[in-house]
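The chains referred to below are lettered A, B, ... by the order of the sequence lines, with proteins before strands, and numbering in each begins at 1. Every heavy atom of this structure was used, including side-chain atoms; hydrogens, water molecules and symmetry mates were not.
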Protein chains: 2
Amino acid sequence: MRVRLEDVAREAGVSPKTVSRVLNDEANVKDETRKRVLAAMEAMDYHPHPSARSLAGNRSFLVAMLYDNNDNPTSSYLAEIQDGVLEACDEHHYSMMVRPLRIGGSDFISRVDALISHHHPDGVVLTPPITDYAPLLKRLSEREVPNACVSPMKHRGRIGVFMDEREAARAMVEHLVSLGHTRIAHVLGIASHGASRWRLAGYRDALAAAGLREDPALIVQGAFTFGSGVTAARELLALKKKRPTAVFAANDDMAAGVMWVAGEYGLKVPRDLSVCGFDDTPLASQLWPALSTVRQPSREMGRVAAMQLLDTLRGRGPGKLVQVPYSLELRDSTTTAP
Amino acid sequence: MRVRLEDVAREAGVSPKTVSRVLNDEANVKDETRKRVLAAMEAMDYHPHPSARSLAGNRSFLVAMLYDNNDNPTSSYLAEIQDGVLEACDEHHYSMMVRPLRIGGSDFISRVDALISHHHPDGVVLTPPITDYAPLLKRLSEREVPNACVSPMKHRGRIGVFMDEREAARAMVEHLVSLGHTRIAHVLGIASHGASRWRLAGYRDALAAAGLREDPALIVQGAFTFGSGVTAARELLALKKKRPTAVFAANDDMAAGVMWVAGEYGLKVPRDLSVCGFDDTPLASQLWPALSTVRQPSREMGRVAAMQLLDTLRGRGPGKLVQVPYSLELRDSTTTAP
DNA sequence: TTGAAAGCGCTAACAT
DNA sequence: ATGTTAGCGCTTTCAA
């Protein structure tokens, strides 16, 4: 038979309400009483019934993670964020549900509405690129559902986590500059994603700092996929005289596409062409030569964003927008200019 | 204020219990009454409170998807299965939670226990490679948690979904044979995964059917990753005289690794070397040349597995182990033998 | 610092 | 075919 709160109370010689207090980390419980209750819980292997808690307490202990499965970045990125969010939720005995959405879809908002009406999440975690989707933010605020986000475009009034992607991109390109490269190309991501903008901005920062002139022919469109990296690289490497000696792709998948095409043109990476990416997905270290890239701690970012949300839900203050550090993973795909 | 079942009952002029019957699709409600209740629900925008339902009905309406995030196959595979499971759950107003596990970890079972104790899922969906992990199956049966699985190794007594991977692999290799290849290599997946065994078996079936002798040098170990495909291909293409003219990799990531290495050896795919994979992940169609592969309908498989589970949970019969069809996606990476 | 009573919104069991 | 009653296991008052 299931062990109930009442059973614990009897065992510990206190009232159910006191056990409830201990369970919810409330004040006004003598330390010794608390210990006794905790011991009883432990001894009886007590687990509160989530539904009973939700019903009586009018909160679901549920966090929903919203993501776009339309044109998302690499799926490993979302998978890692998901793991991080889940980890934080587990730690605080919240449960997590995931909810794919299509940012193009006309039923976007109604699907969010349905989620809220059906499951009553106490809060939601937003992932790129839906972190700044205005109609969504508006609806969440109307329905008073707190949210935290990963890498929002606008920082004002948001809680969650971000990385200085612009600075990271700048550092990566600066590294190429320091290797003597002067013709450095950039493969763009999807324009509407903040990531694309920041990485482009960082690229430009580095060129400017080095006194290099920006060449429009060296900035080509991509879409965060391997295939789009292939297409972009063909365009880039077809440039006869003005061919770049280094390519900074806005993510690892596209960088892999660039390395792929290098072979077609008889170019050896990194001897003839340096290539670098962004994200440090598993692919990066599997490629040959291993890809130099910017490590983005996706898993931790999911964790931190969820933590901030949970802090607000649990009345632990308002939650902040936390910055996490990037790091440059300089591997074998970048070297001195030919 | 929240609309409750009682409010709907009043509006429809029936008792709460009748509304409950309608809600749960129970028998013994006059058709006209049912309609009236349904109309009232609609008009009042009524949504049952999941926690109240769980508490009173002693069921959680929760399905947990268990997966291994230790040495999993490509993450897009799991992501697609997840989407499929979620779709089925949504349809039947169940909620879904995900639970990463580490099959190596000593705390595997205790983590599953914690999941069950905390969240009381009505059932779980198992994904490879944990579909046949005996201690898990044992514990689930002890705790009477129904399960459905995706691609289990042993079929007896299981419910869920599977594909005839052996036959699919055979067909893929038969295709290579029909193109005139006689030296066909195979890159193995992780040995403990059923997928690896079936795909190897299919490879052998095809060779045998064609009267080709199996050459141990042409069967090399891989681990389902791009990097492992690279390593395997190096081994394979280093073979001077006996070099294969075609490679069947046990998944797409490894096939991409093989194509990658082909360039290093000055081999053009498919002219000098035909390459094919398995799974039809997004990568397959992004590669250049586009990869010939076996399409495994992962998303639908997740959906079907969840459906079978839900059928049993909802008392719709015992649930079956459903077979889904594969299809050969013959693209540009395979052609006639040189 | 602790406890008693009254629900939270729904369903099970038993009527009718 | 429909209604009545009594909880499910917890938290919220409010009182002591």
Side-chain angles (χ1 to χ4, degrees), chain A residues 1-38 40-41 44-62 93-95 117-120 122 313-315, chain B residues 1-38 40-41 44-62 93-95 117-120 122 313-315:
Chain A
M1 206 32 220
R2 160 171 270 289
V3 178
R4 291 156 311 155
L5 181 143
E6 189 191 334
D7 304 320
V8 175
R10 199 179 313 107
E11 175 81 10
V14 295
S15 78
K17 175 67 221 186
T18 299
V19 177
S20 171
R21 284 194 178 94
V22 172
L23 205 57
N24 295 288
D25 257 341
E26 282 172 33
N28 292 337
V29 180
K30 218 194 323 188
D31 215 48
E32 186 230 303
T33 313
R34 186 182 300 274
K35 278 205 185 93
R36 197 149 32 89
V37 171
L38 253 13
M41 286 181 175
M44 306 177 83
D45 191 29
Y46 169 72
H47 298 279
H49 190 125
S51 300
R53 250 154 67 103
S54 305
L55 184 57
N58 194 34
R59 27 200 295 218
S60 60
F61 296 94
L62 206 208
H93 300 288
Y94 271 68
S95 49
S117 301
H118 282 89
H119 300 283
H120 307 282
D122 288 338
L313 296 183
R314 305 191 312 142
Chain B
M1 207 32 220
R2 160 172 269 289
V3 179
R4 289 156 312 154
L5 181 143
E6 188 190 334
D7 304 321
V8 174
R10 198 178 313 108
E11 176 81 9
V14 295
S15 78
K17 177 69 219 185
T18 299
V19 178
S20 172
R21 285 195 178 94
V22 172
L23 204 57
N24 295 289
D25 257 339
E26 282 172 33
N28 293 337
V29 180
K30 216 190 332 186
D31 216 48
E32 187 231 300
T33 313
R34 187 183 299 275
K35 279 204 186 93
R36 197 148 33 90
V37 171
L38 254 12
M41 285 179 176
M44 306 176 83
D45 191 30
Y46 169 72
H47 297 280
H49 191 125
S51 301
R53 256 163 49 111
S54 304
L55 185 57
N58 195 34
R59 23 194 300 211
S60 60
F61 296 95
L62 206 210
H93 301 289
Y94 271 68
S95 48
S117 301
H118 281 90
H119 301 283
H120 307 280
D122 288 339
L313 296 184
R314 304 191 313 142

A.B. asks: Is B/Ser95 reaching over with its side chain to a backbone N or O of B/Leu62, donor-acceptor style, under 3.5 angstrom?
C.D. replies: no

A.B. asks: What parts of residues 7-35 of chain B reach DNA chain D, counting only heavy atoms under 4.0 Å away?
C.D. replies: B/Val14, B/Ser15, B/Lys17, B/Thr18, B/Arg21, B/Asn28, B/Val29, B/Lys30, B/Thr33

A.B. asks: Could you tell me whether the side chain of A/Ser54 and the main chain of A/Pro50 form a donor-acceptor pair under 3.5 Å?
C.D. replies: yes

A.B. asks: Would you check, one step at a time, whether the test side-chain contact (heavy atoms from CB on, under 4.5 Å) holds for A/Leu23 with A/Arg53?
C.D. replies: CA-CA 11 Å; A/Leu23 205 57; A/Arg53 250 154 67 103; 3.8 Å; yes

A.B. asks: Measure the shortest side-chain to side-chain distance between B/Val22 and B/Leu38 over non-hydrogen atoms and say whether it is less than 4.5 angstrom.
C.D. replies: yes

A.B. asks: Measure the shortest side-chain to side-chain distance between B/Leu5 and B/Tyr46 over non-hydrogen atoms and say whether it is less than 4.5 angstrom.
C.D. replies: yes

A.B. asks: Decide yes or no for B/Arg34 and B/Asp25: does some side-chain heavy atom of the first lie under 4.5 Å from some side-chain heavy atom of the second?
C.D. replies: yes

A.B. asks: With side-chain contact (heavy atoms from CB on, under 4.5 Å) as the test, would you mind laying out the steps for A/Thr33 and A/Arg36 before giving the verdict?
C.D. replies: CA-CA 5 Å; A/Thr33 313; A/Arg36 197 149 32 89; 4.1 Å; yes

A.B. asks: For DNA chain C, note the earliest and the latest nucleotide, 5' to 3', having some atom under 4.0 Å of a heavy atom belonging to chain A.
C.D. replies: C/dT1 to C/dG9

A.B. asks: Using the rule given for ring-ring contact (aromatic ring centres under 6.0 Å, His included), can you reason through B/His47 versus A/His120, listing the C-alpha separation, both sets of side-chain angles and the distance that settles it, and then say yes or no?
C.D. replies: CA-CA 10 Å; B/His47 297 280; A/His120 307 282; 8.1 Å; no

A.B. asks: Please check if the side chain of B/Arg21 supplies one atom and the backbone of B/Glu26 the other of a donor-acceptor pair under 3.5 Å.
C.D. replies: no

A.B. asks: Would you jot down, in residue-number order, the residues of residues 50-62 of chain A having a non-hydrogen atom under 4.0 Å from DNA chain C?
C.D. replies: A/Leu55, A/Ala56

A.B. asks: When the distance from NE2 of A/His49 to P of D/dC10 is rounded to whole Å, what number comes out?
C.D. replies: 8 Å

A.B. asks: Would the number of heavy atoms belonging to other residues, nucleotides or ligands and lying under 6.0 Å from CG of B/Asn24 be above 12?
C.D. replies: yes

